Amino acid sequence: MSGLFDIYSIIFLVIAVVIFMRLGSVLGRRTGSEPTPFERRIEKSPPASGNDNVVPLPTRDDAPATPGGSAVNAAALAKHAEPGTKTHDGMTAISAATSDFDPDHFLAGAKMAYEMIVTAFADGDRATLENLLDKDVFDGFVSAIDDRESRKEHVESTFVGIESAKISAAELEDRTARVGVRFVSELISATKNDDGAIIEGDPTAVQTVRDVWTFARDLRAKDPNWKLVATEAV
């Protein structure tokens, strides 16, 4: 994997509470740690067969390299999902369908993209977002940025770090691979108006953000890029 943060296989994202407030209609608000619709569907689905497949995510150059051409061993998969669960079945299927799937590698890349997208949204960097997001999600983010700019507001954001990232769901449907990741991150964020007055947030307070992101990739396509297809705040 190489180049441009290895956008070639993964995208991630993290948004502060302030950003979630602005993107409420895009991200969807949730409370507690209940499963998302994608996670519930995976857990209720029939056991995975040998033809089912799931997907991994890549990273940028300084992320751990994926062992080329080798299947992920059972111990590596079991570290991320308990054997017998739908998530484990999904990861097992994807490792059989694509030799470069490694959950450690996937999450390392996801963490980097997570920060990348948050920063791009705060900066109004549409070009970066377009490379990382599914069209529907991209349109929602751009709409929020346009709305913010029309009010002459801007976001000042500092990404503190990711406390945890965990694969929470995985599946393959008609050769479209989907992976859900639960993130817990910390961010300092404030929205200011054209005069510099704070509209939302606190430029001195660290906020904890919890979200679930779903990434997808068509395994039939030559394009190895993963796109963010759904987000939910938890």
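If you're wondering where the values come from, they're calculated on a predicted model, not measured in any experiment.
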TODO: Could you tell me which residues satisfy salt bridge (Lys or Arg N to Asp or Glu O under 4.0 Å) with Asp125, sequence neighbours excluded, listed by chain and number?
DONE: none

Open item on the list: Check this for me: does any side-chain nitrogen of one of Arg151 and Asp194 sit under 4.0 Å from a carboxylate oxygen of the other?
Closed with: no

Task: CA sep, side-chain torsions, deciding dist, call: Val229, Phe215, side chain to side chain contact (heavy atoms under 4.5 Å, CB included) - done: CA-CA 6 Å; Val229 298; Phe215 305 98; over 6 Å; no

Open item on the list: Is there a side chain to side chain contact (heavy atoms under 4.5 Å, CB included) between His80 and Lys166? Walk through the geometry before answering.
Closed with: CA-CA 7 Å; His80 292 272; Lys166 179 181 179 181; over 6 Å; no

Open item on the list: Could you report the tightest heavy-atom contact between Thr214 and Arg178, atom names first, then the distance?
Closed with: CG2-CB, 4.3 Å

Task: Minimum-distance pair of heavy atoms, taken over all atoms of Ala165 and Lys111 - done: CB-CE, 3.8 Å

Task: Salt-bridge criterion met for Glu153 and Arg148 (N-O under 4.0 Å) - done: no

TODO: I would like to know whether Thr204 and Asp202 meet side-chain hydrogen bond (donor to acceptor under 3.5 Å, both in side chains); could you show each step before the answer?
DONE: CA-CA 5 Å; Thr204 64; Asp202 186 337; 2.7 Å; yes

TODO: In plain terms, say whether Arg126 and Asp146 are close enough for a salt bridge, that is, a side-chain N and a carboxylate O under 4.0 Å apart.
DONE: yes

- [ ] Specify the closest pair of heavy atoms between Ala76 and Pro103, including all atoms of both residues, with the distance to one decimal.
- [x] O-CG, 3.8 Å

TODO: Applying side chain to side chain contact (heavy atoms under 4.5 Å, CB included), run through Ile167 and Thr87 and close with a yes or a no.
DONE: CA-CA 8 Å; Ile167 295 174; Thr87 298; 4.0 Å; yes

TODO: Test side chain to side chain contact (heavy atoms under 4.5 Å, CB included) on His88 and Lys86 and set out the steps.
DONE: CA-CA 5 Å; His88 184 275; Lys86 300 300 187 299; over 6 Å; no

